Amino acid sequence: MKIVNSIQELKRYLAEERQHNKQIGFVPTMGALHNGHLSLVKRCVEENDVCVVSIFVNPTQFNDKNDLATYPRTLDKDSALLEPVGCDYVFAPTETEMYPEPDTRTFDFGTVSAVMEGARRPGHFNGVAQIVSKLFYAVEPDNAYFGEKDFQQIAVIRAMVKQLNIPVKINACPILREDDGLALSSRNVRLTPEQRQKAPLIARTLKESTNFAAGKSVQETIDYVVNTINADPVMRVEYYEIVDGITMESIKDWSDTEYAVGCITVYCGEVRLIDNVRYK
């Protein structure tokens with residue numbers, strides 16, 4: 001496994017791989033890797049000849065400076081996790097390498113990026129589009145892998161790839177969870193022992209809501225989820241929306257879509273956790 005810091009060096013290595021007709025898979029990450037990330041890497045290794053993993057904490061997608069400052073940076077530990085699962089190249093650029101000058105590009109993906117996370121984190125998805133497009137131009141992968149925990153982000157990246165005409169297949173991979181149901185996240189390490197004990201309420205409530213929803217309206221289901229989680233004093237729902245899984249538009253009635261997904265963001269103490277569940 002090689003650790004590469006410059007785009008030029010990475011392109012040189014990957015050009016050599018392509019000369020041997022090798023298919024290249026790519027997993028973009030911000031590091032602080034856990035088993036959820038590693039499940040993406042393992043799938044990438046299985047489905048491609050070459051696996052590239054990027055580790056870069058992207059400043060342009062943070063609208064909270066404190067969140068950026070506290071985001072864990074653990075390159076040595078991450079690299080030690082990646083080698084045994086078959087990663088070939090770790091791309092770990094500096095901020096200057098990725099942004100030699102400010103990226104002034106602005107993207108418009110319509111409703112897909114305007115609602116939920118987009119509405120509450122202004123500029124977040126524009127920053128995601130900036131960095132993921134830069135990484136795609138650097139790696140030029142055949143396949144890229146993203147976790148479904150960031151459900152809306154995948155929709156944004158699909159829209160970006162279509163808009164910029166980037167020839168890469170976007171592969172969405174199932175959420176990996178702890179034994180108690182909590183979705184794996186780099187943020188989980190920031191939970192106190194009490195908060196960690198409480199956090200599985202999110203996944204448990206979402207799962208229970210899929211049964212509750214039978215014979216109930218969309219709004220009744222939303223109220224059930226929000227009220228159940230907010231009943232715990234450690235938890236505070238920022239939003240819970242049931243949306244069309246393609247357009248991200250909120251639905252009013254179950255008949256509005258054949259692909260209904262509930263997307264939630266909850267503050268557990270000061271830690272912001274996201275999750276989602278499919279209804280149909």
Side-chain angles (χ1 to χ4, degrees), residues 1 25-48 51-58 61-62 67-68 70-92 116-117 121 124-125 128 131-132 135 139 141 143-158 169-191 195-207 245 261-268 271-278:
M1 185 179 81
F26 178 45
V27 183
T29 83
M30 293 206 300
L33 302 184
H34 50 65
N35 285 334
H37 295 109
L38 296 182
S39 70
L40 304 183
V41 177
K42 289 173 184 175
R43 182 169 163 189
C44 179
V45 169
E46 288 171 7
E47 297 181 358
N48 299 274
C51 171
V52 181
V53 177
S54 65
I55 296 176
F56 180 68
V57 181
N58 176 44
Q61 71 190 68
F62 286 84
D67 200 15
L68 174 61
T70 58
Y71 200 90
R73 292 160 171 82
T74 54
L75 178 58
D76 291 344
K77 182 181 174 186
D78 293 341
S79 299
L81 291 171
L82 288 170
E83 189 155 21
V85 296
C87 174
D88 297 295
Y89 298 95
V90 175
F91 180 46
M116 296 190 293
E117 291 293 284
R121 301 176 69 187
H124 169 67
F125 284 130
V128 168
I131 189 59
V132 175
L135 290 169
V139 179
N143 289 292
Y145 298 84
F146 297 86
E148 286 187 337
K149 183 172 71 70
D150 296 297
F151 188 80
Q152 188 178 6
Q153 176 176 277
I154 294 175
V156 168
I157 290 168
R158 288 191 198 281
K169 181 184 177 186
I170 305 300
N171 299 274
C173 304
I175 299 172
L176 217 64
R177 299 182 180 276
E178 300 282 8
D179 292 340
D180 57 12
L182 179 64
L184 293 186
S185 169
S186 302
R187 298 172 191 270
N188 292 351
V189 297
R190 294 169 52 195
L191 297 168
Q195 291 165 353
R196 176 61 187 83
Q197 194 175 7
K198 299 279 192 176
L201 174 64
I202 303 168
R204 191 163 64 246
T205 303
L206 291 182
K207 187 175 180 181
V261 179
C263 298
I264 197 164
T265 294
V266 180
Y267 278 95
C268 185
V271 183
R272 191 174 188 270
L273 303 174
I274 65 173
D275 205 339
N276 59 76
V277 68
R278 182 166 181 173

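Worth saying up front: this structure is predicted, and the values here are computed from it rather than measured.
Contact check for Val45 versus Val85: no side-chain heavy atoms found under the 4.5 Å cut-off. With contacts defined as side-chain heavy-atom distances shorter than 4.5 Å, the pair Val139/Tyr89 does not qualify. Looking only at side-chain heavy atoms (C-beta outward), Leu38 and Leu82 come within less than 4.5 Å of each other. At least one side-chain heavy atom of Phe62 sits under 4.5 Å from a side-chain heavy atom of Met30. A 4.5 Å side-chain heavy-atom check between Phe56 and Pro28 finds every atom pair outside the cut-off. In this structure the side chain of Ser79 reaches within 4.5 angstrom of the side chain of Met1, judged on heavy atoms.
Distance alone, capped at 3.5 Å, places no donor-acceptor pair between the Arg204 side chain and the Gly181 backbone. A distance-only check finds no donor-acceptor pair linking the side chain of Gln152 to the backbone of Met116 [under 3.5 Å]. Between the side chain of Asn188 and the main chain of Ala183, a donor-acceptor pair closer than 3.5 Å is present. Judged by distance alone, with hydrogens and angles left aside, the side-chain atoms of Asp88 form no donor-acceptor pair with the main-chain N or O of Val52 at under 3.5 Å. Of the possible polar contacts, none joining the Asp78 side chain to the Gly31 backbone as a donor-acceptor pair under 3.5 Å is found. With Asn276 contributing its side chain and Ile264 its backbone, the two residues share no donor-acceptor pair below 3.5 Å.
To the nearest 0.5 Å, atom CG of residue Leu201 and atom CG of residue Leu206 are 9.0 Å apart. To the nearest 0.5 Å, atom CG of residue Asp67 and atom NE2 of residue His124 are 10.0 Å apart. Atom CG in Leu40 sits 11.5 Å away from atom CZ in Phe26 (nearest 0.5 Å). If you take CZ on Arg190 and CD on Gln195, they are separated by 10.0 Å, rounding to the nearest 0.5 Å. Note: Ser54 OG to Leu135 CG = 4.5 Å, rounded to the nearest 0.5 Å. We find the OG1-CD1 distance between Thr265 and Ile274 to be 6.0 Å, quoted to the nearest 0.5 Å.
Nearest heavy-atom pair, His34 versus Gly36, reported as atom, atom and distance to 0.1 Å: ND1-N, 2.9 Å. In plain terms, the two heavy atoms of Ser186 and Ala32 that are nearest each other are OG-O, 2.9 Å. Of all non-hydrogen atoms in Pro84 and Leu81, the two that sit nearest each other are CD-O, 3.3 Å. Considering every non-hydrogen atom in both Leu182 and Ala199, the closest pair reads CD1-CB, 3.8 Å. Nearest heavy atom pair, residue Glu148 against residue Pro174, reads OE1-CA, 3.8 Å. Considering every non-hydrogen atom in both Val41 and Cys51, the closest pair reads CG1-SG, 3.9 Å.
Applying side chain to side chain donor-acceptor pair (under 3.5 Å) to Tyr145 and the options His37, Glu47, Arg43 leaves one that passes, Glu47.
Between Asp275 and Lys207, no side-chain nitrogen of the basic residue sits less than 4.0 Å from a carboxylate oxygen of the acidic one, so the salt-bridge criterion is not met.
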